[in-house]
Amino acid sequence: INACIKKFGPQQCKGKRSMHKEILSRLVESILATDLKKGSAIVEQWADRYGHAHAITEIVAPALATIGDMWLDPGKVSLAQGYVAAQFAEEFLQRAEPFLGEETSRQHTKGPVVIGCIEDDFHSLGYKLVSVFLRTNGWHVKDLGTDVLPETFIDNALETGARVIGVSAMLYSSALNIQKLRAEIDRRALTDCLKLAVGGAVFNSRIGTDQEVGADGTAPNAMVAPELFDSLWRQSLSGGPLP
């Protein structure tokens, strides 16, 4: 609220909050009605006014979180509606990507991080959202894509000077491959200076999986991921320089 007041002024901020609530409600309704054309028009209108990064953090991500909460209540959201929600978000992220570099290029006030899906995992939507939130919070993100080998994560981290590796997995079977990454980090004596962050559906549905795979931390969703990366980066600094 204070940030909004500082940027837009008390009266404009009040009106903006009211409009934001209405827009968010309309977007959720459009997605659940599987009307992607209407949903896209709603988000694009917001992006034209406030920027694509802001549209993602303030409109798209909260809408997905709302639908995700509804998903947990049996009968409120169908499988088809969940698929449409994921499709909508992915398509908007693709359209927004050319604008994000321009909108966030002046905000790289923090260090580099490396993110991607672990070996045998091909579900990109979740970590793509994390990438957007990290970039809008000042991180320089190197996206390695899906089905990434442990050695590739580490080599890219050392090449870019990244002290945090972010790894996504949707299924338990693929999440177990993160154990290989943990073992390789330890084998190279990088345990203290290179931290491992994990996320994805399995870490929310199967509590304790992050500890099982050897992660240094996890975040329940993309919106709080920057806080985790901030914390892990600070921890890594006490572990000495990267080789």
Kindly work out whether a path of hydrophobic side-chain contacts (I/L/V/M/F/W/Y, heavy atoms less than 4.5 Å apart) joins Ile178 to Tyr127. no
Going only through I, L, V, M, F, W and Y residues with side-chain contacts under 4.5 Å, is there a path from Leu232 to Phe153? no
Please give me the minimum heavy-atom distance between Val213 and Ala175, naming the atom from each residue. CG1-O, 3.3 Å
If you group Ile, Leu, Val, Met, Phe, Trp and Tyr by side-chain heavy-atom gaps below 4.5 Å, do Val167 and Val130 land in one group? no
Drop me the distance from Asp147's CG to Ile118's CD1, to the nearest 0.5 angstrom. 9.0 Å
Quick one: list whatever passes side-chain contact (heavy atoms from CB on, under 4.5 Å) with Asn204, sequence neighbours left out. Pro220
Restricting to salt bridge (charged side-chain N to carboxylate O under 4.0 Å, His left out), what partner residues turn up for Asp155, sequence neighbours left out? Arg188
Scan for salt bridge (Lys or Arg N to Asp or Glu O under 4.0 Å) pairs involving residues 228-243, sequence neighbours excluded, and state none if there are none. Lys110-Asp230
Atom OG of Ser174 and atom CZ of Phe122: how far apart are they, to the nearest 0.5 Å? 9.5 Å
Nearest heavy-atom approach of Val60 to Ala89 is CG1-CB, 4.3 Å
Show me the pairs that pass salt bridge (Lys or Arg N to Asp or Glu O under 4.0 Å) and involve residues 74-89, at least two apart or across chains. Asp73-Lys76
Which pairs, with at least one residue in residues 34-47 and sequence neighbours excluded, count as a salt bridge (Lys or Arg N to Asp or Glu O under 4.0 Å)? Glu44-Arg95
Side chain proximity check, Phe92 to Ile56, heavy atoms < 4.5 angstrom: yes
Can you name the residues that form a side-chain hydrogen bond (donor to acceptor under 3.5 Å, both in side chains) with Asn156, not counting sequence neighbours? Lys142
The criterion is salt bridge (charged side-chain N to carboxylate O under 4.0 Å, His left out); which residues satisfy it with Asp186, sequence neighbours excluded? Arg182
Is there a continuous path of hydrophobic side-chain contacts, each under 4.5 Å between heavy atoms, that joins Leu158 to Val164? no
Where at least one partner belongs to residues 114-134, residue pairs that pass salt bridge (Lys or Arg N to Asp or Glu O under 4.0 Å), sequence neighbours excluded: Glu119-Lys180, Lys128-Asp143
To the nearest 0.5 Å, what is the distance between CD1 on Ile185 and CG on Asp192? 11.5 Å
Under 3.5 Å, side chain of Gln179 to main-chain N/O of Glu212, donor-acceptor pair present? yes
Residues which pass side-chain contact (heavy atoms from CB on, under 4.5 Å) with Leu36, listed by chain and number, not counting sequence neighbours: Val84, Gln87, Phe88, Glu91
Does any non-hydrogen side-chain atom of Pro243 lie less than 4.5 Å from one of Leu190? yes
Within the distance-only criterion (no hydrogens, no angle test), does the side chain of His123 pair as donor or acceptor with the backbone N or O of Ala169 below 3.5 angstrom? no
For residues 194-203, please give each side-chain donor-acceptor pair under 3.5 Å, one per line with the distance, not counting sequence neighbours.
unit_1: Lys195; atom_1: NZ; unit_2: Thr191; atom_2: O; d: 3.4

What I'd like to find out is whether the side chain of Ile115 reaches to under 4.5 Å of the side chain of Leu144, using heavy atoms alone. no
Can you find a heavy atom in the side chain of His20 that is under 4.5 Å from one in the side chain of Ile59? yes
Donor-acceptor contact present, side-chain Ser231 to main-chain Leu228, <3.5 Å: no
If you look at every heavy atom in Pro241 and Cys193, which pair is closest and at what distance? O-SG, 4.0 Å
Which pairs of donor and acceptor atoms, one on a side chain in residues 24-31, lie under 3.5 Å apart (sequence neighbours left out)?
unit_1: Ser30; atom_1: OG; unit_2: Arg26; atom_2: O; d: 2.9

How long is the straight-line distance from CD of Glu58 back to CH2 of Trp46, given to the nearest 0.5 Å? 7.5 Å
Which is it for Val113 and Ile165 under the side-chain contact (heavy atoms from CB on, under 4.5 Å) test, yes or no, and what are the steps along the way? CA-CA 6 Å; Val113 293; Ile165 294 175; over 6 Å; no
Same cluster for Ile23 and Val43 if Ile/Leu/Val/Met/Phe/Trp/Tyr side chains link at under 4.5 Å? yes
If you define the side chain from C-beta out and look only at heavy atoms, does anything of Leu237 sit under 4.5 Å from Trp233? yes
Run through the side-chain heavy atoms of Ile, Leu, Val, Met, Phe, Trp and Tyr, join any pair under 4.5 Å, and report what else lands in Leu171's cluster. Met170
